Student: 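Pasting in a structure now, in structure tokens, and then I'll have a few things to ask.
We number each residue from 1, following the sequence as shown. What you are looking at is a predicted structure, and each value in this text was computed from that prediction instead of being measured.
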Amino acid sequence: SEIQQKLIDLKSFVECKLKKASDYTSEIEELINNPQVLKGLPTGSQRLDACLGGIRSGLWVVTGDTGHGKTTWATWLLWKQAHRGIPVMATSFEQRPIGTVQKLLRAEVGGDFTKESEHVRRLALMKLSSLPLYIMDHYGDIDTDKVIETIRFAARRHGVKIALVDHLGFLTKNVTDSQERVAIEQVVRKLATIAVQDDITIV
């Protein structure tokens, strides 16, 4: 028994410390006393907020089948945040940036903008331009570090809090099909690290 205790008391060769849940009591109480820390920014949907707790900094990976609305939903999310005064940035590597503008314009007019008059479209585009909403003007494959550099610049210069990267496959150029999964994992790791370091949300 004494030998066991001495072994337990020895300094571990492992750098990480092991703790019990009760060791975090003061941090839990701190979070409860500051509830705004537990909640993220409202998404624009009460149901989503109830499920997700709002938008928090970090990396969000949205997956689904092609054509099921991932980009449309994420663009809508940015549009809602921009209307709340939260600076946002969109990338559009899979479709030309004009495709992103079309999705934003559809959200702004509340439907099919081609059915509206030119005057209504111009007013809606002016409204969109008055929002803290920035579009990275690039289409096709791009180096991950260039995207990260642009996100960090947008965060410093324009206060961007949410960035949409659409989509990860365009950040893994020049890899074979067998290497794609590893390449995407590396990109995800880089984006997640930047999101935490810079306290921003990357979708």
Student: Within the structure provided, determine whether Val203 and Ile55 are in side-chain contact (heavy-atom separation under 4.5 Å).
Tutor: no
Student: Just grab all the salt bridge (charged side-chain N to carboxylate O under 4.0 Å, His left out) pairs involving residues 94-110, residues at least two apart or on different chains.
Tutor: none
Student: Would you say that Ile135 contacts Asp137 through its side chain, given a criterion of any heavy-atom pair below 4.5 Å between the two side chains?
Tutor: no
Student: According to side chain to side chain donor-acceptor pair (under 3.5 Å), who are the partners of Lys80, at least two apart in sequence or on a separate chain?
Tutor: none
Student: Does Val88 reach the side chain of Leu164, with side-chain heavy atoms less than 4.5 Å apart?
Tutor: no
Student: Going by side chain to side chain donor-acceptor pair (under 3.5 Å), name the residues that satisfy it together with Asp112, two or more places apart in sequence or in a different chain.
Tutor: Thr114
Student: With sequence neighbours excluded, what pairs up with Gln46 under the side-chain contact (heavy atoms from CB on, under 4.5 Å) test?
Tutor: none
Student: Sequence neighbours left out, what passes side chain to side chain donor-acceptor pair (under 3.5 Å) with Thr201? Give chain and number order.
Tutor: none
Student: With sequence neighbours left out, what residues match Ser92 under side chain to side chain donor-acceptor pair (under 3.5 Å)?
Tutor: Thr100
Student: Between side-chain atoms of residues 186-195 and protein atoms elsewhere (two or more places apart, or another chain), which donor-acceptor pairs fall under 3.5 Å?
Tutor:
| from | atom 1 | to | atom 2 | distance (Å) |
| --- | --- | --- | --- | --- |
| Lys190 | NZ | Asp145 | OD1 | 3.1 |
| Thr193 | OG1 | Arg189 | O | 2.8 |

Student: Thr63: which residues meet the side-chain contact (heavy atoms from CB on, under 4.5 Å) condition with it, sequence neighbours left out?
Tutor: Val61
Student: List the atom pairs, with distances to 0.1 Å, where a side-chain N or O of residues 151-163 and a protein N or O form a donor-acceptor pair under 3.5 Å, not counting sequence neighbours.
Tutor:
| from | atom 1 | to | atom 2 | distance (Å) |
| --- | --- | --- | --- | --- |
| Arg152 | NE | Asp198 | OD2 | 2.8 |
| Arg152 | NH2 | Asp198 | OD1 | 2.9 |
| Lys161 | NZ | Asp199 | O | 2.7 |

Student: I'd like to check the ring-ring contact (aromatic ring centres under 6.0 Å, His included) partners of Phe93; sequence neighbours left out, ordered by chain and number.
Tutor: His138
Student: Of all residues at least two apart in sequence or in a different chain, which pass the salt bridge (Lys or Arg N to Asp or Glu O under 4.0 Å) check with Arg181?
Tutor: Glu185
Student: Side chains of Val120 and Phe113: does their closest heavy-atom pair fall under 4.5 Å?
Tutor: no
Student: Just do the side-chain contact (heavy atoms from CB on, under 4.5 Å) check on Val165 and Phe170 with the steps written out, would you?
Tutor: CA-CA 9 Å; Val165 177; Phe170 287 88; over 6 Å; no
Student: Can you give me every donor-acceptor pair (side chain of residues 18-29, partner residue at least two apart or in another chain, under 3.5 Å) with its distance?
Tutor:
| from | atom 1 | to | atom 2 | distance (Å) |
| --- | --- | --- | --- | --- |
| Asp23 | OD2 | Lys20 | N | 2.8 |
| Thr25 | OG1 | Ser22 | O | 2.6 |

